[in-house]
Protein chains: 2
Amino acid sequence: MSELANLLRDRGLRLTPQRQLVLDAVRRLGHATPEQVHAAVVEHAAGVNITTIYRTLELLEELDLVTHVHLSHGAPTYHDVNEEQHIHLVCRSCNAVQELDPATLDGLAKQLLEQRGFQMDISHVALFGLCGRCT
Amino acid sequence: MSELANLLRDRGLRLTPQRQLVLDAVRRLGHATPEQVHAAVVEHAAGVNITTIYRTLELLEELDLVTHVHLSHGAPTYHDVNEEQHIHLVCRSCNAVQELDPATLDGLAKQLLEQRGFQMDISHVALFGLCGRCT
DNA sequence: CTGCATGCAAAATATTTGCAACAGC
DNA sequence: GCTGTTGCAAATATTTTGCATGCAG
């Protein structure tokens, strides 16, 4: 039985095709906006409404199956929690997104925790600047 | 003569009350969304339209007089470029925003530059996580 | 059966654009 | 006066909400 089914059942919620499809799409796409998830889901199940995508992403986030980051503009980008964590380096000039080993931030995370009691969510970080090509 | 006037004149653009008011408001407010800037400007100049705020913020950003960061949700927050730089620590639970000395990221910035040629924009960074009270 | 989930339409937000009137230089 | 600017309204884009129908358990 899938993890999704169990998590849902534990809360008295239901396993629906839409919920499976949305989770699959997020996992398959890696990074995706609600819009993109919708497009991917609709390929397999034509009638699914964008509203359901939003509601399902919110639910999956509550269940800690996915998270989202804000890259560049308001566009929220969802991805699988179990996917290998990575930091996003976003170029403000060409908008390219590089990924970075999260260990790079371990030192900073430790420092923030000690100095401020602030527990940084490493997988939720996006750093902005200029990439090598644009400088 | 103000810096704003010079920058505008160099580009063949005009100094208008609206532009002065928007820049003043951003400087006075420290952090502010377009909405908040609008509210502040309207106190002194009733008729100014929200559209003009958006257009002016975009212009001021091109002139490198202001920048913006994305705290929490899509809400862009504008602030004076010359203001003392600071990092934002955003709590995902209570949404409180702490400020942090940018020097904290100097090590990371250096590392990214050397490893990736990526020139991080320190003033543009927001880090997410849980603050001391919420952990 | 019962209540959660979905689709649809409409509302609420946020931001952008076309265009005519206006104003800085 | 010429051309950049603004205000207004409308168009877009994005996300949320109300409600009746539908379906998982």
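Just so it is clear, the structure is predicted and the values come from calculations on it, not from any experiment. Sequence lines set the chain letters: A, B, ... in the order given, protein chains first and strands last, and positions in each chain run from 1. Only heavy atoms go into these numbers, but all of them, side chains included; no hydrogens, no water, no symmetry mates.
Remark: C1' of dT3(D) and CG of Leu8(B) are 15 Å apart, rounded to the nearest angstrom. Between the CD atom of Gln36(B) and the P atom of dT15(C) there is a distance of 12 Å, given to the nearest Å. In this structure, Asn49(A) atom CG and dT17(D) atom P are separated by 15 Å, rounded to whole Å. Atom CG of Leu21(B) and atom P of dT6(D) are 11 Å apart (whole Å). Here the P atom of nucleotide dG25(D) and the CG atom of Leu4(A) are 11 Å apart, to the nearest Å. We find that CG of Asp10(B) is positioned 16 Å from P of dG4(D), with the value rounded to whole Å. One interatomic measurement links the two molecules: CD1 of Ile53(B) to P of dT17(C), which rounds to 17 Å at whole-angstrom precision. If you take CG of Leu57(A) and P of dA5(C), they are 15 Å apart, rounded to a whole angstrom.
For the pair Tyr54(B) and dT15(C), the criterion of a side-chain N or O lying under 4.0 Å from OP1 or OP2 is met. Side-chain N/O atoms of Gln18(A) include none lying less than 4.0 angstrom from OP1 or OP2 on dC23(D). The phosphate of dG25(D) has neither OP1 nor OP2 within less than 4.0 Å of any side-chain N or O from Arg9(A).
At the heavy-atom level, Ile50(B) lies nowhere under 4.0 Å from the strands shown.
For dG24(C), the base has no donor-acceptor partner in the side chain of Arg19(B) [N/O atoms by modelled type, under 3.5 angstrom].
Heavy-atom nearest nucleotides on DNA chain C were determined for Arg14(B) and for Arg55(A), and the one closer to the 5' end corresponds to Arg55(A). Comparing Thr51(B) and Leu13(A) along DNA chain D, the residue whose closest nucleotide (by nearest heavy atom) sits nearer the 5' end is Thr51(B). Across the interface with DNA chain C, nearest-nucleotide mapping of Thr16(A) and Thr16(B) shows Thr16(A) to be the residue nearer the 5′ end.
Helix-axis bend for the helix from dC1(C)-dG25(D) to dC25(C)-dG1(D): the local axis fitted to the five terminal pairs at one end deviates from that at the other end by 30°, rounded to 10°.
Of the candidate nucleotides dT6(C), dG7(C), dG24(C), dG7(C) has the atom nearest to the side chain of Val48(A). Here the side chain of Pro34(A) is nearest to one of dT15(D), dG4(D), dT17(C), namely dT15(D).
Between the side chain of Arg28(A) and the backbone N or O of Ala40(A) there is no donor-acceptor pair closer than 3.5 Å.
The side-chain heavy atoms of Val69(B) and Thr77(B), taken from C-beta on, include a pair separated by under 4.5 Å.
Taking both residues in full, the closest heavy atoms of Asp101(B) and Ile87(B) are given as O-CG1, 4.1 Å, listed atom of the first, atom of the second, then distance. Of all heavy-atom pairs spanning Val42(A) and Val48(A), the tightest one is CG2-O, 3.8 Å. Across all their heavy atoms, Ile53(A) and Val37(A) have their closest contact at CG2-CG1, 3.9 Å. Closest of all the heavy-atom pairs between Val22(B) and Leu57(B) is CG1-CD2, 3.9 Å. Looking at every heavy atom in both residues, Val26(A) comes nearest to Val66(A) through CG1-CG1, 3.9 Å.
The only option from Gln36(B), His88(B), His68(B), His79(B) that meets the side chain to side chain donor-acceptor pair (under 3.5 Å) definition with His31(B) turns out to be His88(B).
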